[in-house]
Protein chains: 2
Amino acid sequence: MTLERPTPTAARDAIADGLDREALVTVFGRCTVDYDGRASSQLAAGDRHVMLKPDGAALVHTDEGQQPVNWQPPGCAHDVFCEPAAGADGSDGSETDGSGSGSGSDDVTASDTDTATLVLESTRSTPEERLLVCFQDVLQVSTFAGTDEGELTLSGTESDLRDRILDSPDLLESGFTPLATERDTSAGAIDIYGEDDAGRTVVVELKRRRVGPDAVSQLRRYVDALERDLHADATLRGILVAPSVTERAQRLLGEHGLEFVSLEPTDE
Amino acid sequence: MTLERPTPTAARDAIADGLDREALVTVFGRCTVDYDGRASSQLAAGDRHVMLKPDGAALVHTDEGQQPVNWQPPGCAHDVFCEPAAGADGSDGSETDGSGSGSGSDDVTASDTDTATLVLESTRSTPEERLLVCFQDVLQVSTFAGTDEGELTLSGTESDLRDRILDSPDLLESGFTPLATERDTSAGAIDIYGEDDAGRTVVVELKRRRVGPDAVSQLRRYVDALERDLHADATLRGILVAPSVTERAQRLLGEHGLEFVSLEPTDE
DNA sequence: ATGTTTATCTCGCCG
DNA sequence: CGGCGAGGTAAACAT
């Protein structure tokens with residue numbers, strides 16, 4: 001269902017209906033966006049694409065960037081209503097209390113339609129967050145009732161890299177024997193815990209792509225923790241497995257006596 | 001501009017026109033999605049919302065989740081064409097070569113319209129990546145020509161936390177003197193470098209939210225590096241500044257002789 | 001609910 | 001272009 005250049009009240013009714021029917025709702029038009037919660041932001045008027053999902057997610061997209069300029073995570077409560085004659089600043093005013101909840105009980109009637117402003121509000125608690133989109137102009141409202149049972153199959157992940165090594169431990173090094181995955185230590189879980197051909201304990205940390213210093217520190221935390229946990233007299237080996245390392249990470253590995261093995265998540 | 005339930009060829013022409021005019025294009029319908037690049041994925045048929053941005057970004061959204069189920073970053077080249085009678089699997093076939101580039105030179109004509117499949121393709125290099133969306137059914141095609149000059153102002157960031165401390169160093173501790181920000185070390189840049197009231201060097205790492213073990217490791221890398229860089233005989237102090245710490249991070253701080261100061265990025 | 005880690009992370013900055 | 005770190009990161013998974 002699609003409306004082009006609807007009046008604010010017609011847009012409001014179509015959106016409210018879409019939300020009721022658990023449809024995916026999109027609105028395109030000139031709007032301001034205000035967010036307050038974990039941080040806070042304001043965005044002056046511009047033409048943007050807003051998507052409200054039936055799971056409570058909200059996305060505001062400009063014509064640039066992969067990421068939305070503003071958003072709200074799934075689980076939020078969406079509300080739509082009209083305000084008599086709000087200016088560009090919709091963040092203030094009387095909407096901080098819950099008087100307008102439900103489906104817009106204090107809304108404007110159809111007779112005020114040409115001066116009214118369409119407002120989308122999305123809120124959640126834990127943490128308390130509010131997103132407010134105020135439309136000066138609505139160019140399109142659409143609702144989509146589709147279904148999606150399709151499951152995404154993804155390969156080339158860290159878990160594929162783990163499986164690859166478990167299937168062929170020699171890819172890590174000749175004589176390596178995996179003993180556990182996700183082995184717990186006081187610093188967190190080790191990706192692969194095993195033994196080399198000399199019986200030395202080996203801690204393996206996996207990364208699906210080129211690694212920097214953070215991955216080295218992570219491996220080091222695990223090796224340190226395991227040494228403590230085991231009161232190990234013998235030195236443990238720590239091996240970072242990834243397609244490649246940055247130079248700084250390489251140096252860090254050396255400083256901490258850790259090793260690197262180059263391996264990709266999939267065999268081409 | 002909006003078409004509802006267009007024929008594949010009409011949809012193709014509208015989308016091609018939208019891409020030409022640097023408009024934001026949306027397509028809603030039943031489609032399969034195949035991705036190959038840094039990883040690879042397949043997604044069976046379902047109703048989804050596809051957005052093509054003039055900067056080359058592509059987003060495929062289902063009715064759930066804040067994140068797109070598939071995407072392509074800005075900078076990609078979008079292409080649209082019709083294929084005679086492709087099944088659900090659009091990842092194979094003759095489209096691996098560049099013969100269909102441009103605006104669909106090997107496309108289907110309007111007479112084949114009822115059996116044709118609409119295909120969206122988005123590709124880039126460095127890294128080589130390809131996204132293929134094959135529509136069995138197109139419910140809506142829209143193009144939006146809007147503009148967006150609005151700048152986002154965001155507060156509550158790490159940079160706000162830094163400014164807060166630079167304005168009032170006593171917030172960190174009485175007698176603290178900031179000497180530099182982004183001070184470079186062999187391990188990277190220190191957020192705030194300074195001195196305490198006893199003249200001891202202080203390394204400050206800032207986080208806008210509650211921190212875990214990774215932040216502690218990061219601070220430790222900087223402290224270690226600076227000790228080395230300065231051949232410091234005296235001990236450096238390392239202070240992690242964040243709203244709060246997790247317990248494991250707290251313990252790590254203790255093990256490494258690092259400190260914690262609780263501070264929020266903004267004053268309420 | 002919080003903690004921990006991954007991610008086709010994205011994004012910006014800087015060399 | 002790659003390295004590095006921030007992010008209202010989100011999402012998955014475990015506790």
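Hydrogens, waters and symmetry mates play no part in the numbers below; they use all other heavy atoms, side chains included. Chain A is the first sequence line, chain B the second, and so forth, proteins listed ahead of strands; every chain is numbered from 1. This structure is a prediction, so every number in the text was calculated from the model and none was measured.
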> Rounding to a whole Å, what distance do you find between B:Leu161:CG and D:dG5:P?
Replying inline: 18 Å

> Under 6.0 Å from the CZ atom of A:Arg228, do we count more than 12 heavy atoms belonging to anything else shown?
Replying inline: no

> Rounded to whole angstrom units, what separation is found between the CG atom of A:Asn70 and the P atom of D:dA10?
Replying inline: 12 Å

>> Expressed as a whole number of angstroms, how long is the span from B:Glu205:CD to D:dC4:P?
In response: 15 Å

>> Between C:dT8 and C:dT4, how many Å separate the two P atoms, rounded to a whole number?
In response: 23 Å

>> Here's a test of your reading of the structure: between B:Ser40 and B:Asp214, which maps to the more 5' nucleotide of DNA chain C?
In response: B:Asp214

> Are a donor atom and an acceptor atom from the side chains of A:Asp191 and A:Thr181 found within less than 3.5 Å of each other?
Replying inline: no

> Which whole-number value in Å describes the distance from A:Arg38 CZ to D:dG7 P?
Replying inline: 12 Å

> Using a cut-off of 4.0 Å on non-hydrogen atoms, how would the nucleic acid contact of B:Arg124 be classed: base, sugar-phosphate, or nothing?
Replying inline: nothing

>> From the set D:dG8, D:dT9, D:dG7, return the single nucleotide nearest to any side-chain atom of B:Arg209.
In response: D:dT9

> Can we say B:Arg251 and B:Glu247 salt-bridge, meaning some charged N sits less than 4.0 Å from an Asp/Glu carboxylate O?
Replying inline: no

> Can you tell me if CD on B:Glu151 sees more than 12 non-hydrogen neighbours from other groups inside 6.0 Å?
Replying inline: no

> Would you call A:Arg220 and A:Asp224 a salt bridge, using N to O less than 4.0 angstrom?
Replying inline: yes

Produce the list of close N/O pairs, under 3.5 Å, pairing protein atoms with atoms of nucleotides 11-15 of chain D; give distances to one decimal.
from   : atom 1 : to      : atom 2 : distance (Å)
D:dA11 : OP1    : B:Gln66 : N      : 2.7
D:dA11 : OP1    : B:Gln67 : N      : 3.1

> Are side-chain N/O atoms of B:Lys53 and B:His78 paired as donor and acceptor at under 3.5 Å?
Replying inline: no

> Is A:Glu158 salt-bridged to A:Arg209, going by a charged N under 4.0 Å from an acidic O?
Replying inline: no

> Given atom CG of B:Leu206 and atom C1' of D:dA6, what is their separation to the nearest angstrom?
Replying inline: 12 Å

> Does a side-chain N-to-carboxylate-O contact under 4.0 Å join A:Asp148 and B:Arg48?
Replying inline: yes

> Between B:Glu182 and B:Tyr193, is any side-chain donor less than 3.5 angstrom from a side-chain acceptor?
Replying inline: no

>> Between B:Ile192 and B:Leu206, is there a side-chain heavy-atom distance shorter than 4.5 Å?
In response: yes

> Taking atom types as modelled, is there a side-chain donor on B:Asp160 or B:Thr157 under 3.5 Å from an acceptor on the other?
Replying inline: yes

> Between B:Tyr35 and A:Ser125, which is nearer to the 5' end of DNA chain C once each is assigned its nearest nucleotide?
Replying inline: A:Ser125

Please enumerate all protein N or O atoms sitting under 3.5 Å from an N or O of nucleotides 1-3 of chain D, with distances to 0.1 Å.
from  : atom 1 : to       : atom 2 : distance (Å)
D:dG3 : OP1    : A:Arg210 : NE     : 2.6
D:dG3 : OP1    : A:Arg210 : NH2    : 2.0
D:dG3 : OP2    : A:Arg210 : NE     : 2.7

>> Looking at B:Glu205 and B:Lys207, is any side-chain nitrogen of the basic one under 4.0 Å from a carboxylate oxygen of the acidic one?
In response: yes

> Base, sugar-phosphate alone, or nothing: which one does B:Ala187 contact when heavy atoms must sit under 4.0 Å apart?
Replying inline: sugar-phosphate

> What are the 5'-most and 3'-most nucleotides of DNA chain C lying under 4.0 Å from any heavy atom of chain A?
Replying inline: C:dA1 to C:dC11

> Within this structure, what is the CD-to-P distance between B:Glu158 and D:dC4, rounded to whole angstrom?
Replying inline: 17 Å

>> Any base atoms under 4.0 Å from B:Gln72, or only sugar-phosphate, or nothing? Heavy atoms, all strands.
In response: nothing

